[in-house]
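One structure below.
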Amino acid sequence: SIPIDGYPESGYIFDYQVLKKRGIDMKLLPENSRFINAPKPFYEIAKEIFWTIAVSVLLLLMILALLMRNIVRRRAVEQEIKDQLSFLETLLDSIPMLICWKDLKQRYIGVNRSFIQFFGLASSEDILYRTDEDMPLESNFLSKVTELDRQVVESKQPLRKYKLAVPNAKGEPEWLQVNKVPLKDQRGAVVGTLSISENITREVSLERQLLQSQKMEAIGTLAGGLAHDFNNILTSIINSTELVLMDMEENTLAHKDLSRVLGAANRGSQVVKQILTFSRPTQE
């Protein structure tokens, strides 16, 4: 009663060991053939799990490629920033003015070479992240600088051309013209101060020499005017004395006294001429 099926759905079944022993090429077997006594595969995995792992690995590779790309770009940007910082450092060190900048806690976060050389510091590490109170400098100068920095931070306004006396690395007094401006972030909030100081010792010395020269010129003008008046007086004395001597007999006591008066008046006249020569402006 059981019907005979001449076409089994299970396909053909072969013994793997017999095929191997007989040397039969398995590519010649019918499709959908199954094998018995076949060696077990190294691993067995479901198709869904395989594709899940494959897609995950592909996504990880893509993420890794993006990360590598970002790392390369980041290194390029970091190198560009380092080049710009190196250029700015070289530029600041080439400026002869004293430059420094601080944060809101009045700690030094940067100085240039002129600042280091002026105060006789070994390197920038001797001052970075230190306040004015920790600096080995003159106390009056440091207290004034701290006061000016605090004023700029509170007012948020720059301070221009403030003259300040300060001893240099050798202890010699010099003059600095200080300019301070507030440092601001992208939001406009004050985050510190920038100070640019110019050594104006030579200018101050020339200014003092000019004032002294002007004083001497004024004294010379005054002396010239007085000399003219004094010369007129001496001229009258000399003329009158000469006239009196012409009417008097020689070898008398009065004649000798008047002769001495005439001699003193002539010497005074020579002094007046020297004063006039000194007070006369030169043509150079």
Side-chain angles (χ1 to χ4, degrees), residues 1-95 99-113 115-116 121-131 134 153 156 181-194:
S1 62
I2 299 175
I4 299 175
D5 189 354
Y7 300 95
E9 296 179 358
S10 60
Y12 298 96
I13 301 176
F14 298 92
D15 190 325
Y16 181 85
Q17 298 296 334
V18 174
L19 294 175
K20 190 81 173 178
K21 184 177 181 180
R22 300 293 182 180
I24 298 174
D25 189 359
M26 297 182 186
K27 294 181 180 180
L28 302 176
L29 300 178
E31 296 181 359
N32 300 324
S33 297
R34 293 189 299 122
F35 301 91
I36 60 174
N37 297 325
K40 293 183 178 181
F42 179 72
Y43 63 90
E44 293 181 357
I45 188 170
K47 185 183 295 184
E48 293 80 4
I49 299 177
F50 171 78
W51 285 111
T52 302
I53 295 175
V55 173
S56 300
V57 170
L58 181 61
L59 290 175
L60 289 175
L61 289 176
M62 293 176 63
I63 293 174
L64 180 61
L66 291 175
L67 289 176
M68 292 295 295
R69 182 181 179 186
N70 289 335
I71 290 174
V72 172
R73 286 185 175 180
R74 181 178 178 181
R75 289 182 177 177
V77 172
E78 289 178 351
Q79 185 62 39
E80 184 178 354
I81 292 175
K82 288 181 180 179
D83 294 339
Q84 291 179 356
L85 290 176
S86 177
F87 171 76
L88 290 176
E89 184 178 357
T90 303
L91 180 62
L92 289 175
D93 288 340
S94 63
I95 297 176
I99 302 176
C100 66
W101 52 100
K102 305 177 183 177
D103 58 12
L104 286 178
K105 296 181 179 179
Q106 298 301 311
R107 296 179 301 181
Y108 287 89
I109 56 177
V111 294
N112 69 337
R113 189 182 303 276
F115 188 97
I116 296 173
L121 302 175
S123 63
S124 59
E125 283 74 15
D126 294 342
I127 187 174
L128 293 182
Y129 304 105
R130 299 173 64 182
T131 61
D134 302 328
V153 172
K156 299 181 181 180
V181 296
L183 290 177
K184 299 181 180 180
D185 58 11
Q186 296 180 352
R187 296 174 297 178
V190 177
V191 295
T193 56
L194 171 65

Rounded to the nearest 0.5 Å, what separates atom [atom1] in [X] from atom [atom2] in [Y]?
X	Y	atom1	atom2	answer
L60	I53	CG	CD1	11.5 Å
S33	L28	OG	CG	11.0 Å
D15	N37	CG	CG	4.5 Å

Closest heavy-atom contact between [X] and [Y]?
X	Y	value
L104	G192	CD2-N, 3.9 Å
I13	R34	CD1-NH2, 3.2 Å
K105	T131	O-CG2, 3.8 Å

Does D185 come within less than 4.0 Å of R187, counting only side-chain N to carboxylate O?
yes
Report, one line per pair, each donor and acceptor closer than 3.5 Å where one atom sits in a side chain of residues 70-77; sequence neighbours left out.
unit_1: N70; atom_1: ND2; unit_2: L66; atom_2: O; d: 3.3
unit_1: R74; atom_1: NE; unit_2: E78; atom_2: OE2; d: 3.2

Mark yes when over 12 heavy atoms from residues, nucleotides or ligands other than R107 sit less than 6.0 Å from its CZ; otherwise mark no.
yes
Any side-chain heavy-atom pair from L194 and I99 closer than 4.5 angstrom?
yes
Flag the pair Y12 / L29 as yes when at least one side-chain heavy-atom distance between them is below 4.5 Å, and no otherwise.
no
Quick one: sort the F35 and Y16 rings into parallel, tilted or perpendicular, breaks at 30° and 60°.
perpendicular
Take L183 and W101, measure what side chain to side chain contact (heavy atoms under 4.5 Å, CB included) needs, and give me the verdict at the end.
CA-CA 8 Å; L183 290 177; W101 52 100; 3.9 Å; yes
